[in-house]
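Along the sequence shown, the residues carry numbers beginning at 1. Both ligands and their constituent atoms are indexed starting at 1 by order of listing.
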Amino acid sequence: MTFDPETTTFLIAGPVRIHPRVLRAMSMPSLNHRGDYFHGIVREIRELLPVLFGTTGHQVVLTGSGTAGLEAVYASLVPKDGRTLVLTNGNFGDRTNEIVRRYSSSVTTLSAPWGSPIPLDPAKAELAKGDVRAVCVVHNETSVGLANDLAALAPAVREAGALFLVDGISAVAGIPVSVEAWGIDALVAGSQKGLAAPAGLALVHLSERARASLRPGTFYLDLAAHLKSLEKNDTPWTPAVPLFLALREALLLLKEEGLEARLARTHRLAEAARAAVDALGLELFPDRRFASDTVTAVKNPAGLGDPELRKVLERQYNIIVQGGQGALTGKIFRIGHMGIADWPDLLVTFAALERILGKAGRLENPGASLRAVVDRMP
Ligand code: PLP
């Protein structure tokens with residue numbers, strides 16, 4: 001079979017497969033973005049956003065990918081003068097570090113090797129010094145398939161009185177994010193991940209304290225301007241109208257399923273994926289205790305790289321999984337299982353992996369990975 005985007009089994013770590021209802025929602029004639037009809041759409045989106053974030057607060061939709069949301073938050077909330085602490089253990093943490101350094105001259109960066117958890121004790125030691133005003137961290141490090149333990153970090157951030165700014169792009173609607181309990185001040189989500197809407201929108205939740213601390217950063221992504229317009233169900237500049245229509249439908253689907261149910265389903269799929277990887281005799285890339293529920297990162301077995309695995313999945317079986325980024329290119333592959341990913345996706349993917357490994361003489365227990373998935377189905 002040759003690659004066919006219409007029928008592919010699509011399991012990258014975002015953008016994810018999109019429900020036909022959401023696709024259809026975009027097929028509308030042009031709308032007047034300053035007219036009553038579109039204002040009604042924006043009002044509905046505002047009312048639905050707490051379903052996504054699991055809490056109410058100051059919440060905005062920005063036209064732009066997830067990075068636009070991050071830039072909006074860091075540009076307007078990292079202190080110009082006070083110290084900012086950045087914690088990183090992957091590609092997106094490193095990118096956060098780059099963005100933050102554009103807006104703050106006093107940044108301390110603590111790094112852990114990719115695949116290991118963030119350095120908690122050194123972070124606590126920095127926070128105990130009392131002069132850290134903001135902490136920036138990626139919750140779910142998509143590049144290495146690892147979920148950082150924010151519950152363990154949160155008390156130290158709160159004690160230090162620092163703003164807690166979280167990249168939740170591949171976490172929100174995929175793994176539990178306890179905004180209130182952890183005292184998160186800014187949380188950024190991307191439309192193309194757990195929400196399963198098209199790529200191109202960033203969703204930002206702000207606490208009362210963050211709202212009060214906003215300073216003008218970038219013009220286009222000025223969060224205060226966006227919040228002010230949203231009060232009138234409006235946007236400051238021309239929004240990506242079709243994406244807003246898709247967003248409303250994706251939020252409705254999430255509401256119908258329920259946030260808790262989606263998190264539980266994603267967790268179950270992740271456990272099945274991990275068990276199937278074990279059954280294939282392959283190895284997870286990240287520290288297993290912190291393996292992400294939205295994306296499973298797997299080490300390429302020795303001698304089988306992207307051309308022998310991912311490319312065959314794509315060309316022969318029409319299955320799309322993702323490769324590694326940066327230093328991990330050619331060393332790992334990643335299976336995304338968030339949003340509306342489901343059991344048939346895992347079954348067909350592990351069946352094809354079994355076939356590929358079997359043909360290469362590298363499969364010890366034929367059928368075991370499929371059994372591992374089936375045994376975990378509801
Ligand atoms: N942060 C994380 C954790 C991500 O997974 C991604 C995208 O995969 C980004 C940031 C960047 O988001 P975008 O590509 O939507 O700008």
Considering only the protein, which heavy-atom contact is closest to [atom], and what is its distance?
atom	value
atom 1 (N) of ligand 1	D167 OD2, 2.6 Å
atom 6 (C) of ligand 1	F92 CE2, 3.3 Å
atom 7 (C) of ligand 1	K193 NZ, 3.3 Å
atom 3 (C) of ligand 1	T142 OG1, 3.2 Å

Nearest heavy atoms of A112 and S116, plus distance in Å: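 Result for this residue pair: CB-O, 4.2 Å.
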For ligand 1, which atoms have a heavy atom of [X] less than 4.0 angstrom away?
X	answer
T67	11 (C), 12 (O), 13 (P), 16 (O)
V138	3 (C)
N140	3 (C)

Polar side chain donor-acceptor pair, D167 to T96, under 3.5 angstrom: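 Not at all, the side chains of D167 and T96 share no donor-acceptor pair under 3.5 Å.
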Sub-4.5 Å side-chain heavy-atom contact between L357 and L282: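 SC-SC contact between L357 and L282 confirmed.
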Non-hydrogen side-chain atoms of W182 and L153 separated by less than 4.5 Å: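 Heavy-atom side-chain distance check fails, nothing below 4.5 Å.
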Euclidean distance, I356 CD1 relative to K311 NZ, rounded to 0.5 Å: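 So the gap between those two atoms works out to 12.5 Å.
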Heavy atom of E141, distance to ligand 1 below 4.0 Å: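 The answer is no: ligand 1 sits nowhere under 4.0 Å from a heavy atom of E141.
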Contact with ligand 1 for Q192, non-hydrogen, under 4.0 angstrom: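 Yes, Q192 has heavy atoms under 4.0 Å from ligand 1.
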Nitrogen or oxygen atoms of R95 and ligand 1 under 3.5 Å apart: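 There is no such contact.
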G66 N/O to ligand 1 N/O under 3.5 Å: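 Between G66 and ligand 1, an N or O pair is found under 3.5 Å apart.
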Flag, side chain of D293 to backbone of I175, donor-acceptor distance under 3.5 Å: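 Side chain of D293 to backbone of I175, a donor-acceptor pair under 3.5 Å: no, none is there.
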Which segment of I169 sits under 4.0 Å of ligand 1 when only heavy atoms are counted: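 Answer for I169: side chain.
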L146: hydrophobic cluster co-members (side-chain, 4.5 Å):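 Via sub-4.5 Å side-chain contacts, L146 links to W114, V144, F285, F290, L328, I332.
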Chi angles and distances behind the side-chain hydrogen bond (donor to acceptor under 3.5 Å, both in side chains) call for T108, E126: CA-CA 9 Å; T108 302; E126 287 300 327; 4.6 Å; no
